[in-house]
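Worksheet for the structure shown next.
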Amino acid sequence: MGKRHEGKVSLITGASRGIGRAIAERLAAEGSDVVLAARTEAACEPVAEAAAAHGVRTMNLALDVGDADSVKAGVKAALDEFGQVDHLINNAGITRDDLLLRLKDDAWDAVLKTDLTGVFLCSRAVLRSMLRRRQGRIVSISSVVGLMGNAGQTNYAAAKAGVHGFTKALAREVASRSITVNAIAPGYVESDMTDGLTDDIKQQLQEQIPLGRMGSGEDIAGVVSFLLSDDAAYMTGQVLSVDGGMYM
């Protein structure tokens with residue numbers, strides 16, 4: 001695999017597993033140093049080991065993306081260590097599903113705090129250094145649910161739709177400084193959560209997908225790599241569906 005991102009520094013939130021881990025390992029394989037953010041530093045250690053095997057520098061950050069002080073401190077530590085953050089990948093997210101009439105206030109607040117406010121706080125924290133250097137890439141991992149909705153996920157759908165609006169507005173603010181801001185809306189992706197589903201439920205999910213299979217973390221990581229590259233330098237404010245054709 002070519003060193004497409006050699007000399008770059010990528011900060012990935014929610015980097016300890018799933019899509020975040022796949023993104024971190026892909027970018028490391030393509031030459032980027034990686035700052036791995038998760039709730040605890042220890043959670044990122046296996047990812048850091050895999051990334052370091054590609055000869056890049058790594059840093060583990062204990063980060064609560066919904067807490068402004070935690071985000072400021074984490075980004076400062078990354079900038080102190082590497083001197084720059086070229087790429088921000090907003091991947092951290094949670095779900096607290098329930099039908100609206102049963103949805104508790106704290107379930108609404110928790111999802112909006114992590115999935116939407118977290119994107120705001122992390123993007124704001126890296127932006128000043130990107131503006132100063134007149135370059136940067138921000139990619140946020142959203143969801144097909146933010147485009148099409150899903151029963152039992154009003155909080156999650158609202159947060160992800162908010163990410164789409166945030167992406168387009170910020171893209172307009174920073175385009176003159178050669179900073180691009182895009183989002184990816186994955187469909188059903190194989191994960192710890194889907195591993196626990198029965199074969200019947202997996203079959204039902206796959207029947208909704210024209211390509212006939214669930215996605216993988218690597219499917220998402222490949223599109224992230226493209227959006228961070230010079231090949232996507234003329235793309236900004238876009239929401240790319242990577243969902244096997246579920247929503248079109």
Side-chain angles (χ1 to χ4, degrees), residues 1-6 8-61 63 65 78 85-95 114-115 118-119 122 137-146 156 160 163 182-197 202 205-206 209 211 213-229 231-232 239-246:
M1 192 173 291
K3 299 298 183 181
R4 185 184 215 176
H5 300 299
E6 194 164 15
K8 303 296 187 182
V9 177
S10 303
L11 194 166
I12 304 112
T13 68
S16 62
R17 58 193 178 94
I19 291 172
R21 177 171 184 159
I23 292 168
E25 293 185 7
R26 173 65 177 257
L27 297 183
E30 294 184 335
S32 178
D33 296 330
V34 289
V35 180
L36 309 168
R39 293 279 183 174
T40 66
E41 289 186 28
C44 293
E45 196 52 46
V47 190
E49 290 178 9
H54 296 288
V56 302
R57 297 176 296 167
T58 69
M59 178 182 187
N60 296 347
L61 279 182
L63 196 70
V65 298
V85 172
D86 300 280
H87 307 148
L88 169 65
I89 299 91
N90 288 306
N91 170 70
I94 62 169
T95 56
T114 296
D115 295 20
V119 171
C122 291
R137 299 275 191 271
I138 297 174
V139 175
S140 298
I141 306 302
S142 174
S143 170
V144 67
V145 171
Y156 187 67
K160 294 305 188 179
V163 169
N182 294 289
I184 293 171
Y188 293 125
V189 173
E190 293 172 350
S191 64
D192 296 344
M193 181 181 72
T194 57
D195 286 345
L197 299 177
K202 287 181 180 179
L205 293 178
Q206 289 175 10
I209 305 169
L211 283 181
R213 67 172 178 86
M214 285 192 281
S216 67
E218 289 72 22
D219 289 324
I220 310 305
V223 181
V224 170
S225 176
F226 163 69
L227 287 175
L228 298 177
S229 74
D231 292 332
V239 179
L240 300 187
S241 295
V242 186
D243 59 11
M246 264 187 73

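Numbers for residues simply follow the sequence, beginning at 1. Every value quoted in this text rests on a predicted model; they were computed, and no experiment measured them.
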Original post:
CD/E41 to CG/L36 distance, rounded to the nearest 0.5 angstrom?
Top reply: 10.5 Å

Subject >> Pairwise side-chain contact, L228 with H5, heavy-atom cut-off 4.5 Å (strictly under) >> reply: yes

**OP:** Report yes if the side chains of D243 and I209 come closer than 4.5 Å at any heavy-atom pair, otherwise no.
**Re:** no

**OP:** Give a yes or no answer on whether the side chain of D86 reaches the backbone of K8 with a donor-acceptor pair at less than 3.5 Å.
**Re:** no

Original post:
Is there a donor-acceptor pair under 3.5 Å between the side chain of S229 and the backbone N or O of D231?
Top reply: yes

Subject >> Heavy-atom pair of closest approach, residues S16 and V47 >> reply: O-CG2, 3.6 Å

Subject >> Atom of I94, atom of Y156 and distance for their closest heavy-atom approach >> reply: O-CD1, 3.6 Å

Subject >> Taking every non-hydrogen atom, the tightest pair across V35 and L61 >> reply: CG1-CD1, 3.5 Å

Original post:
Taking atom NE2 of H87 and atom CG of L227, what is their separation to the nearest 0.5 Å?
Top reply: 10.5 Å

Original post:
Quick one: are S241 and V239 in side-chain contact, heavy atoms under 4.5 Å?
Top reply: no

Subject >> Under 3.5 Å donor-acceptor, D33 side chain and T58 backbone >> reply: no

Subject >> Whether T13 side chain and N91 backbone form a donor-acceptor pair below 3.5 Å >> reply: yes

Original post:
Can you check whether N90 reaches V163 side chain to side chain, under 4.5 Å on heavy atoms?
Top reply: no

Original post:
So, for D115 and G93, which heavy atoms are closest and what is the spacing to 0.1 Å?
Top reply: OD1-CA, 3.2 Å

Original post:
Taking atom SG of C122 and atom CD1 of I89, what is their separation to the nearest 0.5 Å?
Top reply: 11.0 Å

Original post:
Less than 4.5 Å apart, any side-chain heavy atom of I12 and any of V34?
Top reply: yes

Subject >> Value rounded to 0.5 Å, distance of OG in S191 from CZ in R21 >> reply: 14.5 Å

Original post:
Shortest non-hydrogen contact from A221 to R26?
Top reply: CB-CB, 3.9 Å

Original post:
Any side-chain heavy atom of N182 sitting closer than 4.5 Å to one from I184?
Top reply: no

**OP:** Look up atom CD in E25 and atom NE2 in H54, then write down how far apart they are to the nearest 0.5 Å.
**Re:** 6.5 Å

**OP:** Give the minimum heavy-atom separation between P46 and A43, together with the two atoms involved.
**Re:** CD-O, 3.6 Å

**OP:** Evaluate the side chain to side chain contact (heavy atoms under 4.5 Å, CB included) criterion for residues N60 and E45: first the C-alpha distance (whole Å), next the side-chain angles of each, then the deciding distance (0.1 Å), finally the verdict.
**Re:** CA-CA 7 Å; N60 296 347; E45 196 52 46; 3.0 Å; yes

Original post:
Is any side-chain heavy atom of R4 less than 4.5 Å from a side-chain heavy atom of F226?
Top reply: yes

Original post:
Should V189 and V242 count as side-chain neighbours, where that means a heavy-atom distance under 4.5 Å?
Top reply: no

Original post:
What is the distance from atom CD1 of I19 to atom OG of S216, rounded to the nearest 0.5 Å?
Top reply: 9.0 Å

